[in-house]
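First the proteins, then the strands, lettered A, B, ... as listed; each starts at 1. These numbers were taken from a predicted model, which means no experiment stands behind them.
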Protein chains: 2
Amino acid sequence: MARSPTSQRLAETAIRLFNERGYDETTVDDIAARAGVSRSTFFRYYRSKDDVIFPDHDALLAKVEARLTASTADTAIVAVCDAVRIVLAHYVEDAEVSLRRYRLVGRVPALRHREIASVARYQRLFREYVGDWLAGTPDAALRAELMASSVVAAHNQVLRGWLRAGGSYDPFEPLDHALQYVIRTFRHLENLEGPRDGGDQVVVAAFPRSASPDDVMDAIRAHLGSRS
Amino acid sequence: MARSPTSQRLAETAIRLFNERGYDETTVDDIAARAGVSRSTFFRYYRSKDDVIFPDHDALLAKVEARLTASTADTAIVAVCDAVRIVLAHYVEDAEVSLRRYRLVGRVPALRHREIASVARYQRLFREYVGDWLAGTPDAALRAELMASSVVAAHNQVLRGWLRAGGSYDPFEPLDHALQYVIRTFRHLENLEGPRDGGDQVVVAAFPRSASPDDVMDAIRAHLGSRS
DNA sequence: AACGCTGTGAGACTCAGTATCGTACGCTTG
DNA sequence: CAAGCGTACGATACTGAGTCTCACAGCGTT
């Protein structure tokens with residue numbers, strides 16, 4: 001958290017060298033030497049070579065968790081959508097670093113794995129939160145998994161687009177747009193008793209005046225998603 | 001694919017040693033020695049130490065891809081749901097190995113990362129497939145990402161449950177159940193012009209006879225997912 | 001001046017992963 | 001039978017990540 005000037009310089013040197021020579025071609029010795037410190041010092045600040053690219057993910061995860069537990073949203077899915085903004089905000093905050101890292105990660109499989117692994121931690125956090133919220137309802141675990149993965153997917157999609165575009169616009173509008181999809185998609189799932197149980201379900205229907213009964217039946221069949 | 005007896009013995013020895021002493025405490029030398037071969041031979045069959053736990057993932061991915069391109073489903077989401085069965089089938093096929101690996105992966109972060117990374121490859125494959133299918137429609141990339149991640153999430157949820165239960169039941173029924181959720185949830189998204197555009201949309205509504213106009217309005221508001 | 005604390009450097013060590021060379025075995029082909 | 005040939009394996013050396021231990025310098029306290 002409290003980044004010392006030394007660790008700062010190490011991170012900057014590392015990114016620069018990775019971009020110049022490539023990740024695999026840069027040794028920790030190179031980074032340390034160029035930053036004017038010893039190899040020991042590097043590993044004192046960063047537990048591994050790739051840590052220097054992905055710093056404070058733990059801190060960010062903690063922030064997200066705090067936001068979740070403090071949430072006053074009336075729905076789990078809304079709370080999670082709200083929390084995921086923190087993540088995007090973090091990327092936008094230092095866009096420079098995010099962009100450099102994005103280009104790097106795209107070229108180095110090892111870093112891509114690392115990135116994917118940290119995303120999975122957010123998804124897990126969300127899954128557990130939603131799972132607790134839905135506890136006791138039917139298919140709670142399944143719906144929690146679906147909601148969490150969808151929120152993360154929406155976030156990733158928006159983030160990737162923004163990074164590909166070189167961070168040239170405000171990504172929060174598309175994020176809201178994407179999260180609307182998710183919220184609208186899962187609201188009904190959240191209030192549902194079960195997939196086949198119409199319990200206290202409320203559904204809205206609108207047909208063109210010209211629709212024949214057969215048209216209506218076809219539409220209903222399509223919406224029920226009858227399997228082959 | 002064509003597993004030689006030597007590679008087979010190496011894999012078995014490795015899993016046994018990992019369970020006995022732990023993953024980090026077992027060196028490649030240990031595995032090779034116990035299997036009666038040299039270190040060189042180990043790396044001839046497996047590119048890395050963790051490869052011995054996750055073999056033929058490439059082959060499985062190819063099978064899934066083949067199934068996708070050969071699919072005759074009338075909807076992208078249905079095709080993907082169909083394809084994901086292959087993955088589950090693969091785990092079920094040698095349940096013994098899957099279960100041992102599951103227990104191991106749960107304890108070793110490095111292996112968990114590896115697992116997550118390979119899951120991400122399926123998700124990416126699905127995303128690209130759905131993206132091609134939806135190409136040209138509004139929010140194609142976003143919807144593709146959501147569908148792909150949901151199918152994968154449903155699969156993972158079912159698989160984890162099955163593994164936790166020690167593989168004691170047939171997981172395809174819960175998988176169908178979960179995929180029904182996904183299909184029913186995303187059908188309407190697939191046919192949608194856009195989130196706000198009611199174009200040729202058909203919606204079904206049902207209210208209890210006792211519902212007042214206000215009840216109806218509240219329900220509609222809730223379903224529209226109006227934000228804070 | 002003795003003490004402790006903190007940040008740093010130095011060096012040894014383990015182990016994963018790569019590359020190279022040598023060699024034994026079994027196979028065909030003349 | 002012998003000469004050649006490919007495949008599988010062993011042996012060895014090397015690079016580099018990551019861990020650990022010790023030493024030392026600076027700096028403030030009492």
**Q** Quick check on D:dG18: is either OP1 or OP2 less than 4.0 Å from any side-chain nitrogen or oxygen of A:Tyr46?
**A**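 No, outside the criterion.
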**Q** Which of these passes side chain to side chain donor-acceptor pair (under 3.5 Å) with B:Arg21: B:Thr27, B:Thr26, B:Asp30?
**A**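 Among B:Thr27, B:Thr26, B:Asp30, the one meeting side chain to side chain donor-acceptor pair (under 3.5 Å) with B:Arg21 is B:Asp30.
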**Q** Give the rounded distance in Å between these two atoms: CG of B:Leu10 and C1' of D:dC9.
**A**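 Distance, rounded to whole Å: 12 Å.
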**Q** Within the pair B:Ser4 and D:dA8, is there a side-chain N or O less than 4.0 Å away from OP1 or OP2?
**A**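 Answer is no, no contact under 4.0 Å.
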**Q** A:Val37 versus A:Arg9: any side-chain heavy-atom pair under 4.5 Å?
**A**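 In short, these two side chains touch, coming nearer than 4.5 Å.
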**Q** For A:Phe43, is the NZ or CZ atom of A:Lys49 found under 6.0 angstrom from the centre of its six-membered ring and inside 45 degrees of the ring axis?
**A**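 No; the conditions do not both hold, so A:Lys49 does not lie above the ring face of A:Phe43.
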**Q** How close or far is atom P of C:dG7 from atom CZ of A:Arg9, stated in whole angstroms?
**A**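 Whole-Å distance recorded here is 15 Å.
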**Q** Test side chain to side chain contact (heavy atoms under 4.5 Å, CB included) on A:Leu88 and A:Val84; report intermediate values, then the result.
**A** CA-CA 7 Å; A:Leu88 186 63; A:Val84 87; over 6 Å; no
**Q** Passes side-chain hydrogen bond (donor to acceptor under 3.5 Å, both in side chains), B:Thr137 versus B:Arg143? Steps please.
**A** CA-CA 10 Å; B:Thr137 68; B:Arg143 288 185 292 155; 2.5 Å; yes
**Q** Scan nucleotides 9-25 of chain C nucleotide by nucleotide, 5' to 3', and note B when protein non-hydrogen atoms come under 4.0 Å of the base, S if they reach only the sugar-phosphate, - if neither.
**A** BBB---SBBB-------
**Q** Donor-acceptor pair, distance only, cut-off 3.5 Å: does the side chain of B:Tyr46 make one with the backbone of B:Ser7?
**A**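 Pair found, side chain donor or acceptor close to backbone of B:Ser7.
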